Colleague: 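Encoded as structure tokens, here's the structure I'll be asking about.
We name chains A, B, ... by the order of the sequence lines, and we start the count at 1 in each one. Since this is a predicted model, take the numbers as computed values, not measurements.
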2 protein chains.
Amino acid sequence: MVPSPKKHAPAIRDAEATKTRILDAAEEEFAKGGLLGARTESIAAKTGVTKSMIFYHFGDKEGLYSAVLERAVSQRVASIQKTDIHNIDPEIALKNFVETFLRDLSGNSHLPAIFFYEGIQNKGRFYSQIAITSLYTPIVDILRRGTESGKFRDVDPLHAAVNIVGMCVFYYCNIDNVKHLWPAGTNPLSEEMKEMHRRMAVEQTVASVLIR
Amino acid sequence: MVPSPKKHAPAIRDAEATKTRILDAAEEEFAKGGLLGARTESIAAKTGVTKSMIFYHFGDKEGLYSAVLERAVSQRVASIQKTDIHNIDPEIALKNFVETFLRDLSGNSHLPAIFFYEGIQNKGRFYSQIAITSLYTPIVDILRRGTESGKFRDVDPLHAAVNIVGMCVFYYCNIDNVKHLWPAGTNPLSEEMKEMHRRMAVEQTVASVLIR
DNA sequence: GTCTATACGAGGATAGAC
DNA sequence: GTCTATCCTCGTATAGAC
């Protein structure tokens with residue numbers, strides 16, 4: 001008796017679910033290698049579908065990439081809008097913003113690397129213009145208010161904002177690099193470590209601009 | 001009369017000079033795309049020699065990559081050894097270290113991106129273990145001394161050090177991303193801008209850990 | 001909507017002339 | 001030590017069956 005050629009069980013036919021699964025896997029892969037380094041093959045493998053599905057749903061690799069960025073940015077924007085950054089006290093506003101930003105990152109730690117890659121590899125060709133504005137503008141505004149009110153030092157708000165973001169995201173961008181600083185076995189993405197990083201980053205951010 | 005087939009004038013035969021030119025071009029290329037994204041072809045083009053020369057002199061792409069990292073790290077180490085980081089006053093030591101680090105970077109602004117890539121793409125497989133130690137150990141030591149002496153806040157020295165490095169290098173890692181924050185035409189790598197960044201980063205670094 | 005099979009281009013690496 | 005020509009693998013993308 002001829003054994004029926006066992007093919008892959010064609011998974012449940014649910015376009016939206018498949019798209020989401022692909023997006024999640026892609027996010028992970030793009031975070032590792034950027035648009036250039038990501039392999040559609042390995043995204044497919046992670047997702048559990050075939051490569052063709054990626055092209056079916058997203059056209060081409062760049063289409064998938066754009067979709068990932070788009071989803072990420074809209075989440076960011078939504079989160080910012082829920083945050084109280086217009087508090088009269090600029091110190092509280094700054095604290096709120098950074099705190100929320102870091103909580104978002106600890107929930108999805110792939111994003112810093114993705115946007116980093118986007119800037120360096122593609123020079124922001126795809127999206128980061130918007131992402132940048134939505135991230136930096138609030139910080140710059142808060143810093144200006146802080147300086148005017150006399151609570152913050154007389155910093156250059158643009159440079160200060162860039163440096164603050166750097167302080168917040170570097171840890172997540174460099175996990176595999178910096179993890180060797182801690183004893184072997186320490187998980188830099190454990191809740192404890194992420195919370196510790198958040199606490200330190202918030203403290204240092206505020207201290208870095210406050211009048212002393 | 002038959003025109004002699006004009007070939008490329010085989011450049012001056014100077015192995016060392018050629019190797020250096022290749023290394024310089026490679027540094028630039030690796031800074032843009034990391035080991036994965038760099039194209040031997042375009043390194044060769046920048047250098048003005050053919051692809052084969054790369055393989056002749058460095059064996060393969062990874063060999064070239066290692067050579068670039070090696071050169072960079074040895075420069076870093078040499079620079080650190082010339083810096084007064086053992087000053088009795090931890091504030092001065094920290095200022096010295098960061099100031100020197102940033103001056104080095106402004107002289108070769110490719111390095112942050114290269115080491116960033118190395119960490120994220122190759123997980124430090126090639127070199128950064130050493131690079132990391134040579135960079136972070138001094139900072140951590142200074143922070144410990146500062147906390148013990150009561151001049152610095154009671155920070156977690158490892159997290160604080162990571163955040164400080166992030167504050168210093170982020171600007172250089174993200175030039176093409178953040179440059180849109182300034183008026184069009186502003187050159188983020190001009191001496192004025194680099195100096196401004198250095199001043200702000202030093203100030204913020206010190207303020208971020210100092211008792212207030 | 002999902003799979004298999006395959007075309008095709010890009011890029012790392014080698015062979016061999018000069 | 002440098003160049004030209006070529007090989008071969010890998011990875012994006014498409015065609016077509018189910």
Colleague: Atom CZ of Phe58(B) and atom P of dT14(C): how far apart are they, to the nearest Å?
Modeller: 16 Å

Colleague: Rounding to an integer number of Å, can you tell me how far Glu16(A) CD sits from dG1(C) C1'?
Modeller: 12 Å

Colleague: Among Arg198(B), Arg76(B), Lys194(B), find the residue that satisfies the salt bridge (Lys or Arg N to Asp or Glu O under 4.0 Å) test when tested with Asp104(B).
Modeller: Arg76(B)

Colleague: What's the CD1-C1' distance between Ile54(B) and dC3(D), to the nearest Å?
Modeller: 14 Å

Colleague: Taking ring-ring contact (aromatic ring centres under 6.0 Å, His included) as the test, write out the residues that go with Phe58(B), two or more places apart.
Modeller: none

Colleague: Starting at atom CG of Leu64(A), determine the distance to atom C1' of dT12(D), rounded to an integer number of angstrom.
Modeller: 13 Å

Colleague: Check Lys19(B), Arg71(B), Lys46(B) against Asp24(B) for a salt bridge (Lys or Arg N to Asp or Glu O under 4.0 Å) and give me the one that passes.
Modeller: Arg71(B)

Colleague: Side chain to side chain donor-acceptor pair (under 3.5 Å) for Gln75(A) and Asn108(A)? Distances and angles first, verdict last.
Modeller: CA-CA 11 Å; Gln75(A) 285 168 354; Asn108(A) 184 347; 4.6 Å; no

Colleague: Nearest-Å distance, OH (Tyr65(A)) to C1' (dA13(D))?
Modeller: 20 Å

Colleague: Would you check, one step at a time, whether the test ring pair (Phe, Tyr, Trp, His ring centres under 6.0 Å) holds for Phe170(A) with Phe170(B)?
Modeller: CA-CA 7 Å; Phe170(A) 188 71; Phe170(B) 189 71; 8.4 Å; no

Colleague: Taking N or O atoms only and anything under 3.5 Å, show me the protein contacts with nucleotides 15-17 of chain D, one pair per line.
Modeller:
none

Colleague: Check whether any side-chain N or O of Thr18(B) sits under 4.0 Å from OP1 or OP2 of dG1(D), and answer yes or no.
Modeller: no

Colleague: Could you label the plane-to-plane angle of the Tyr171(B) and His197(B) rings as parallel, tilted or perpendicular, counting under 30° as parallel and over 60° as perpendicular?
Modeller: parallel

Colleague: Show each protein N/O and nucleotides 6-13 of chain C N/O combination with a separation under 3.5 Å, one pair to a line.
Modeller:
from	atom 1	to	atom 2	distance (Å)
dG11(C)	OP1	Arg39(B)	NE	3.3
dG12(C)	OP1	Ala38(B)	O	3.2
dG12(C)	OP1	Arg39(B)	NH1	3.4
dG12(C)	OP1	Lys61(B)	NZ	3.3
dG12(C)	OP2	Thr40(B)	N	3.2
dG12(C)	OP2	Thr40(B)	OG1	2.5
dG12(C)	N7	Lys51(B)	NZ	3.3
dA13(C)	OP2	Lys61(B)	N	3.0
dA13(C)	N6	Lys51(B)	NZ	3.3

Colleague: Using a 4.5 Å cut-off on heavy atoms from C-beta on, say whether the side chain of Thr186(B) contacts that of Lys179(B).
Modeller: no

Colleague: Within the distance-only criterion (no hydrogens, no angle test), does the side chain of Lys95(B) pair as donor or acceptor with the backbone N or O of Val202(B) below 3.5 angstrom?
Modeller: no

